[in-house]
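Chain naming here is simple, since letters A, B, ... match the order of the sequence lines and numbering starts at 1 in each.
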2 protein chains.
Amino acid sequence: MEKLEVLTKEKILEATEETLKRFGLTKTSVTDVANALDVSHGSIYRHFKSKAELFEGATEKWLDEKIIKPLTDVCKDSSMVGTQHLKTYIKTLIELKRCYAREDEELFKMYAKVTEESADLIHNHVSQITDQMSEIICRSSINVDDPHQLARTIFQATTRFHHPAHAYEWKSPTINSEFSNVWALIENGLS
Amino acid sequence: MEKLEVLTKEKILEATEETLKRFGLTKTSVTDVANALDVSHGSIYRHFKSKAELFEGATEKWLDEKIIKPLTDVCKDSSMVGTQHLKTYIKTLIELKRCYAREDEELFKMYAKVTEESADLIHNHVSQITDQMSEIICRSSINVDDPHQLARTIFQATTRFHHPAHAYEWKSPTINSEFSNVWALIENGLS
DNA sequence: CAAATGACAAATATCAATTTTTGTCATTTG
DNA sequence: CAAATGACAAAAATTGATATTTGTCATTTG
C-alpha cells in the first residue's frame, strides 16, 4: 500500500484535473480541489502560493503529458529525416492541439487562459518545442546559420494552426489543406 | 448648407465612431449614439436592424478607411515590383494594424470583437486583402499556378503579425526582426 | 407617405447586500 | 517539528431587486 496520507504537489495537480473536468474551468475553486482530496484548502497553499500558480502547475503538467511527451517520441523517431521529419513534427503538434481542443475542452480552456496570463510558462513551453525542432533541423541536411532561429521562425509561420486563440478556425474543413499550402511554401524556402 | 435634417447610415456610423471614442466600447449604447445625433434610438433601427449590425457597419467603415484605403495605394504603386512589392504590402498591413492597436484603442477593440463574432465581415475583409496580394503576384515574375491561393497562404503564414488576437505580442521589441525572418523564409519559398 | 417618434415588453446591465472564495497565519496534531 | 488545520480578513463572486438598453411597432409629424 502507498502512503495515502502524504499530500504532494502531484496529488493536488491530479485532483485539480479531475475537478476541472467535473465542474469546468469557471466553476472550479481551490476549495473544490481541497474537498476532492479531503483536506482543508489551507493545505493547498502549502504547495502552491496562489490559485494562479496552481492552475499554471496543472497546465504545465497537462502540456507535458499531452503535447511534449508525444512530440518527444516524434523527435526521437529515427525512421524519418530532414524536412519530412520536421513536417511530421509540426503536423503532430497541430493535430494534438486540435484533438485536445475538441476532446479535453475544460483543460484546453485552462491552457488557453494560462496562455493569456502567464507569458513565462508559455515561453518555456514554446522553447521546449523549438529546441526539439532545432534538433531535427541540425540532424537534417538543411543548410542554415542558426537552426534555433529557423525553428522559431517556422513555429511562428504556423501560429494559426497551433495557437489556442485560433482554435475556432480549426473546425474549418479546409484547415488541413491550408496547412499543406503553408508547409509547402516553408519547405520550398528551406532548400 | 447641407441638408442637416436627413438621417443617413453614414451619419449614424460617424456618430458611432465618435461615441465609441468618447465612452469606450463597453460603455457605448445605441441610445448614446442616438443622443449624439439628437434623434430617438428607434430611428437608428430604421437603418440598422440590431446593435451588432451597427457595430459591424462601423467596423466595415473603419477597416475600409484605415486599412484597405492605404493598402490600395501600396497595391497601385507601380514604383515597386515582384516580391519587394508584396513585402511592402504585407509590411504596411502589419504596421497599420499595429499603429491602430496603439493609437485608436476603442475602435480597434470593436474590430477585435467583431472579428470574433462576425465571420462574414472578416471573411470579406480578408478577401479584399488577398485579392490585392493576388494582383501584385500576377504582375510579378513569380511563377505560380494559383496566385490567389498563394496570397491566402502568405496571409496565413503571417497571421501572428496582423491578427488582432496577437496584438499583445506586437509590443515585443523583437517583433520586427521576427517578421523579417518569416518573410525571408517565405520569399525564399517563392523562387 | 416616408421618416421619425416614443411607448412598450423583453433582454441586459447595474448596484448593493450577502455569500463564497482566496490567501494568511496562529494554533493544533501526529 | 513538519504538516495540516481552521479561524480570520480581504477580495471576488453571486444574488435579487432595480434600472437601463435593446428591439418592435402603432402612432405622429412634416
Picking from [options], which would you name as closest to the side chain of [X]?
{"X": "B/His47", "options": "D/dA7, C/dA4, D/dA4", "result": "C/dA4"}
{"X": "A/His41", "options": "C/dT21, C/dT24, C/dA3", "result": "C/dT24"}
{"X": "A/Ser50", "options": "D/dA3, D/dT24, C/dG23", "result": "C/dG23"}
{"X": "A/Ser29", "options": "C/dT22, C/dA3, D/dT21", "result": "C/dT22"}
{"X": "A/Thr31", "options": "C/dT21, D/dT24, D/dA4", "result": "C/dT21"}

Rounded distance (Å) that lies between atom [atom2] of [N] and atom [atom1] of [X]:
{"X": "B/Phe23", "N": "D/dT20", "atom1": "CZ", "atom2": "P", "result": "15 Å"}
{"X": "B/Leu37", "N": "C/dA3", "atom1": "CG", "atom2": "C1'", "result": "15 Å"}
{"X": "A/Asp38", "N": "D/dA4", "atom1": "CG", "atom2": "C1'", "result": "13 Å"}
{"X": "A/Phe48", "N": "D/dA4", "atom1": "CZ", "atom2": "C1'", "result": "16 Å"}
{"X": "B/Tyr45", "N": "C/dG6", "atom1": "OH", "atom2": "P", "result": "17 Å"}
{"X": "B/Asn35", "N": "D/dT22", "atom1": "CG", "atom2": "P", "result": "11 Å"}
{"X": "A/Lys9", "N": "D/dA4", "atom1": "NZ", "atom2": "P", "result": "14 Å"}

With the threshold set at 4.0 Å, does a side-chain nitrogen-carboxylate oxygen contact exist between [X] and [Y]?
{"X": "B/Glu10", "Y": "B/Lys61", "answer": "yes"}
{"X": "A/Glu14", "Y": "A/Lys11", "answer": "no"}
{"X": "B/Glu169", "Y": "B/Arg160", "answer": "yes"}

(message) Which is more 5' along DNA chain D, the nucleotide nearest A/Thr26 or the one nearest A/Ser40? Just name the residue.
(response) A/Ser40

(message) Please compare B/Lys51 and A/Val39 by the position of their nearest nucleotide in DNA chain D and report the one closer to 5'.
(response) A/Val39

(request) Answer yes if the side chains of B/Asp32 and B/Ser29 hold a donor-acceptor pair under 3.5 Å, and no otherwise. (result) yes

(request) Using a 3.5 Å limit on both pairing distances, list the dot-bracket string of DNA chain C from the 5' end; Watson-Crick and G-U wobble pairs count, crossing pairs take [ ], interstrand pairs take |. (result) ||||||||||||||||||||||||||||||

(message) Between A/Asp32 and A/Arg46, which residue's closest nucleotide on DNA chain C lies nearer the 5′ terminus?
(response) A/Asp32

(message) Under the rule for salt bridge (charged side-chain N to carboxylate O under 4.0 Å, His left out), what residues qualify as partners of A/Glu60, not counting sequence neighbours?
(response) none

(request) Would you kindly check if the NZ (Lys) or CZ (Arg) of A/Lys9 is within the cone defined by 45 degrees around the ring axis of A/Phe48 and under 6.0 Å from the six-membered ring centre? (result) yes

(message) Less than 4.5 Å apart, side chain to side chain, heavy atoms only: is that true for A/Phe108 and A/Lys66?
(response) no

(request) Using a cut-off of strictly less than 4.0 Å, decide whether B/Lys27 has a side-chain nitrogen or oxygen near OP1 or OP2 of D/dT21. (result) no

